[in-house]
There are 2 protein chains.
Amino acid sequence: MLRKSKKERQQLLLETIEENPFVTDEQLAAKFGVSVQTIRLDRMELSIPELRERIKDVAERNLENEVKSLPLDEVIGEIIDIELDKRAISIFDVKKEHVFQRNGICRGHHLFAQANSLCVAVIDDELALTVRANVVFIQPVRAGDRVITKAIVRETNKEKNRTYIDVISTVNNEPVFKGEFEMYRTKGEGEQQ
Amino acid sequence: MLRKSKKERQQLLLETIEENPFVTDEQLAAKFGVSVQTIRLDRMELSIPELRERIKDVAERNLENEVKSLPLDEVIGEIIDIELDKRAISIFDVKKEHVFQRNGICRGHHLFAQANSLCVAVIDDELALTVRANVVFIQPVRAGDRVITKAIVRETNKEKNRTYIDVISTVNNEPVFKGEFEMYRTKGEGEQQ
DNA sequence: ACTGGTGTTAGTACCAAGTGCTAAAATGAT
DNA sequence: ATCATTTTAGCACTTGGTACTAACACCAGT
């Protein structure tokens, strides 16, 4: 086996550990056909921490992320008031993970998600699906802002299995987002898709 | 200091480790005013693995999660083709975390997010913000579906700093979502420095 | 008072996966 | 051949444990 040069080996070492941080020095030594000590010298030179530190880093990054990723399948924002089939209010605190790094402005789909999930929640039915939505982003929202979103049921058409909801989101009482949502619901004639 | 009973201590131990998996036996012993050995017996009885295993578990959970949580602040879906200021295509695999538990149908805001972030991406500008969106959810999308979304720039109005984009999402060539997005941009196309 | 059971503590040997250090080889280049 | 670089070896020590044995401490029952 043609042994690679130091430089090549160190480059590969970087890539290997990047790809799989759970690899031990011993495994690396075997992989590159060198001694464990050589791997350790390499790690020193490249300032790569030891296995346990690497794992810890991954775990710590994760623990932060877990908080971020949880809202993914829950209601976006916190519902603070609800009267089924009539109206609902939720609040959503915009954090730095919700904004564009470049300009600090909240990504539109988070505001949409808050409004949309509030519409789903306000409907007193087993099944509530969004059929159509017309939304307007009135003012940019930034990290640190607290968005208060109100959903008001405008009309329910039992024949068509539709509910129409008006949504308005504000920050400091200034409107930042508004939308009209047309929702499908089963109640009445129980028509399933 | 009244020392807690074994049961109380073990309950608290569980909660403490749940909350902060990075705590060592020594720290726990200090916290509960017992010996390290007692903590270890407790862990045995409760089948709580040692610190390193706990950290590793968190880290491994992460590696899975990374795929899930990354999209939160990146583009939703994977862009597979893009021609700046003209058109773009992304794919998004719907997983079980994207759907309502109750009926297995994808939450609308994920489809919106895919479309919206594709619109942001297709604009060749420093700043691109959604101003208005009219969207229609044509057919329910379910876990396992692969949503292919195409964004086509219809028009750019340089005076108004606006770009209008048509979006259509399909599953197995059947349309499931469509939308019209009005985007704000700082510069007209082809005016980048 | 003696015995038993539960709970707690102490101590030892051992492990993985390292760090930190010194020193000796092996290798390559001039 | 000589010198620097690179690699290897060896040893002591560290953390945060496991696994096991042995010793206490304390309270209850007969």
Side-chain angles (χ1 to χ4, degrees), chain A residues 1-70, chain B residues 1-70:
Chain A
M1 199 225 276
L2 198 95
R3 234 150 92 179
K4 269 113 175 140
S5 79
K6 190 180 175 181
K7 226 171 181 176
E8 281 179 290
R9 174 165 33 82
Q10 294 197 342
Q11 182 53 40
L12 253 145
L13 192 75
L14 266 170
E15 288 165 20
T16 309
I17 291 178
E18 172 71 25
E19 183 194 310
N20 170 213
F22 297 80
V23 67
T24 67
D25 287 358
E26 211 165 69
Q27 293 171 321
L28 290 164
K31 171 163 183 169
F32 295 115
V34 296
S35 72
V36 174
Q37 284 78 0
T38 302
I39 297 294
R40 298 199 168 142
L41 283 173
D42 285 347
R43 277 200 299 102
M44 304 270 138
E45 287 180 26
L46 300 170
S47 331
I48 299 172
E50 61 167 299
L51 172 68
R52 286 150 181 165
E53 290 304 315
R54 296 195 303 264
I55 292 182
K56 210 174 163 188
D57 290 347
V58 175
E60 274 164 355
R61 250 189 307 154
N62 187 353
L63 232 59
E64 289 171 27
N65 278 10
E66 232 157 89
V67 186
K68 291 185 201 168
S69 60
L70 262 182
Chain B
M1 200 226 277
L2 198 94
R3 235 151 94 179
K4 271 119 172 129
S5 78
K6 190 180 175 181
K7 227 171 180 177
E8 280 180 291
R9 172 164 37 81
Q10 293 196 343
Q11 182 53 41
L12 253 146
L13 193 76
L14 265 170
E15 288 165 19
T16 308
I17 291 177
E18 172 72 25
E19 184 193 311
N20 170 213
F22 296 81
V23 67
T24 66
D25 287 358
E26 210 166 68
Q27 294 171 321
L28 290 164
K31 173 163 181 169
F32 295 114
V34 295
S35 72
V36 173
Q37 283 78 359
T38 301
I39 297 295
R40 296 198 169 144
L41 283 173
D42 285 348
R43 277 200 300 102
M44 303 272 136
E45 288 182 24
L46 300 170
S47 330
I48 299 172
E50 61 166 297
L51 173 67
R52 285 152 181 159
E53 289 304 315
R54 294 195 305 263
I55 292 182
K56 212 175 164 187
D57 289 346
V58 175
E60 273 164 354
R61 248 189 307 157
N62 187 352
L63 277 179
E64 296 165 19
N65 276 13
E66 221 153 282
V67 189
K68 293 184 203 167
S69 60
L70 262 183

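Residue numbers begin at 1 in each chain, while the letters A, B, ... track the order of the sequences.
Nearer to the 5' terminus of DNA chain C, by closest-nucleotide assignment, is the contact made by B:Val36 (compared with the other of A:Val23 and B:Val36). Closest-nucleotide positions on DNA chain C for A:Arg43 and B:Glu45 were compared, and the one nearer the 5' end corresponds to B:Glu45. Of the residues near DNA chain D, B:Arg54 and B:Gln37, the one whose nearest nucleotide (by heavy atom distance) lies more toward the 5' end is B:Arg54.
The side chain of B:Thr38 has C:dT9 as its nearest neighbour among C:dT9, C:dG18, D:dG16. Of the candidates D:dG16, C:dA17, C:dT19, the closest approach to any side-chain atom of A:Thr24 belongs to C:dA17.
Here NZ of A:Lys6 is found 5.5 Å from CD of A:Gln10. Values are rounded to the nearest 0.5 Å. Atom CG of A:Leu28 and atom OG1 of A:Thr16 lie 6.5 Å apart (nearest 0.5 Å). To the nearest 0.5 Å, atom CD1 of residue B:Ile17 and atom CD1 of residue B:Ile39 are 8.0 Å apart.
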Start with the C-alpha distance between A:Gln11 and A:Glu8, add both sets of side-chain angles, then the distance that settles side-chain contact (heavy atoms from CB on, under 4.5 Å), and finish with yes or no. CA-CA 5 Å; A:Gln11 182 53 40; A:Glu8 281 179 290; 5.7 Å; no
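D:dG16 atom P lies 17 Å from atom NZ of B:Lys56, rounded to whole Å. The separation between B:Lys6 atom NZ and D:dC26 atom P is 17 Å, rounded to whole Å. Whole-Å rounding puts the A:Arg40 CZ to C:dA17 P distance at 10 Å. Taking atom CD of residue A:Gln10 and atom C1' of nucleotide D:dT7, one finds them 12 Å apart after rounding to whole Å. Here D:dT8 presents its P atom at 13 Å from CZ of A:Phe32, a figure rounded to the nearest Å. For B:Phe22 and D:dG16, the CZ to C1' distance is 15 Å, given to the nearest whole Å. Taking atom CG on A:Leu41 and atom P on C:dT27, their separation rounds to 17 Å, with Å as the unit. The interatomic distance linking B:Glu53 (CD) with D:dG17 (P) rounds to 11 Å, in whole Å.
Of all heavy-atom pairs between B:Gln27 and B:Phe22, the closest is OE1-O, 4.2 Å.
Distances shorter than 4.0 Å separate some side-chain N or O of A:Ser35 from OP1 or OP2 on D:dT8. The side chain of A:Arg52 contributes no N or O atom lying less than 4.0 Å from OP1 or OP2 of D:dT14.
Residue A:Glu50 is classed as a sugar-phosphate contact, given heavy-atom separations below 4.0 Å to backbone atoms only.
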